[in-house]
Number of protein chains: 2
Amino acid sequence: MIDETDRRILVRLQRDATTPYAELAAAVGLSAASVHARVRRLRESGVIRRTTVEVDPAAVGRGVLAFVTVTGDVWMGDPDTVEAFAGIAGIEEAHIVAGTASVLVKVRAATTEGLQSVLREIFHVPGVTGTQTTVVLETGFSRPVTPEVPSP
Amino acid sequence: MIDETDRRILVRLQRDATTPYAELAAAVGLSAASVHARVRRLRESGVIRRTTVEVDPAAVGRGVLAFVTVTGDVWMGDPDTVEAFAGIAGIEEAHIVAGTASVLVKVRAATTEGLQSVLREIFHVPGVTGTQTTVVLETGFSRPVTPEVPSP
DNA sequence: GTTGAAAACATGAGTGG
DNA sequence: CCACTCATGTTTTCAAC
């Protein structure tokens, strides 16, 4: 289980993962080596899944964002179906959901034409009987999964 | 504008942002200093928005994920409304969308009770007339916005 | 874009609470 | 088990080319 100090380290790393351990240490009131040991444990235990860069989608040819609810005539939660969705490059996330749709998919494409071709690929996944697409006009904001912390 | 080399660097940094410049340099066939200069430019131009850690939501008390479509009787795309959504801690993303709903929101909470309280907060945002919630049972996958690259 | 040196940083060993 | 200090090896970073 993680404690308050871990959470404070996590929040700072989410804001900027290039922050030196010495600076993190000063912020949480520990030595750099201790913070290092904690981050190491957080990585090994899977709390920190990876260190990554957030890329502007429009800059890499993925300026169009849409959410697609996919319905099917078979259960779409098993590995084969998930793999099939994973094989479609434009899909960023796939979630098995409760309710009428069985899968909710987040799609990024260069243009609406590219979006159309992703939809075509989705239709080719075995069991898919229909899709309903919601196109995003503008993203208000998007931020990391923030743990609750009293004083950042 | 970014070139092929930039894209290849981006893909590798997305996979692991702790990769040393020397290793990136070897992968793309440049010197470490060149790669450093490129990454610097990518950051300053906003292509790389930030370097961050991906945290397991369940480990920080956000194991419940839901997508909420929010309808309103006023236009919900202006800054005030977006700010109001940003003020709700459980909301990870807010998108202004085309179609019947005006805003699509991604919510993370510790429990279904926590989800309920986020929904209550959403209802308190001026102009909101209704919500429709889709609860995620399981996330099939979630990955970075990948630029298209011939050989990674 | 390159090389090479200097500074900053991460990392591991050993020690004590 | 957790945190500290100190020493060492990498890595980042910035000159000059």
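None of these values were measured; they are calculated from a predicted model. Just so we're on the same page: letters track the sequence lines, and every chain starts at 1.
Atom NE2 in A/His36 sits roughly 19 Å away from atom P in D/dA7 (whole-Å rounding). For A/Asp6 and D/dC1, the CG to C1' distance is 14 Å, given to the nearest whole Å. Following rounding to the nearest Å, A/Glu23 (CD) and C/dA10 (P) show an atom-to-atom distance of 10 Å. Atom-to-atom, CZ of B/Arg43 to P of D/dT12 comes out at 10 Å; the value is rounded to the nearest Å. Put simply, CG on B/Leu30 is 14 Å from C1' on C/dT3, counting in whole angstrom units. Straight-line distance from the CG atom of B/Leu24 to the C1' atom of D/dT11: 12 Å, rounded to whole Å. Atom CD1 of A/Ile9 is separated from atom P of C/dA10 by 13 Å (rounded to the nearest Å).
Checking D/dC2, C/dG12, C/dT2 against every side-chain atom of B/Ser31, the shortest atom distance belongs to C/dT2. Nearest nucleotide to the side chain of A/Pro20, out of C/dG12, C/dC9, C/dT11: C/dC9. Proximity note for B/Tyr21 (side chain, C-beta onward) versus C/dG1, D/dT13, C/dG12: the nearest is D/dT13.
Checked for salt-bridge contact, B/Arg8 and B/Glu4 miss the test: no charged N lies under 4.0 Å from a carboxylate O. Comment: A/Asp16 does not engage B/Arg50 in a salt bridge, judged by the lack of any side-chain N to carboxylate O separation of less than 4.0 angstrom. The pair B/Arg143-B/Glu54 does not count as a salt bridge, with every side-chain nitrogen at least 4.0 angstrom from each carboxylate oxygen.
Summarising the geometry, atom CZ belonging to B/Phe85 is positioned 6.0 Å from atom CD1 belonging to B/Ile91; distances are rounded to the nearest 0.5 Å.
B/Arg40 comes within contact range of no nucleotide atom at all, as no heavy-atom separation falls under 4.0 Å.
Checking the phosphate oxygens (OP1, OP2) of D/dC4, a side-chain nitrogen or oxygen of A/Ser34 falls inside 4.0 Å.
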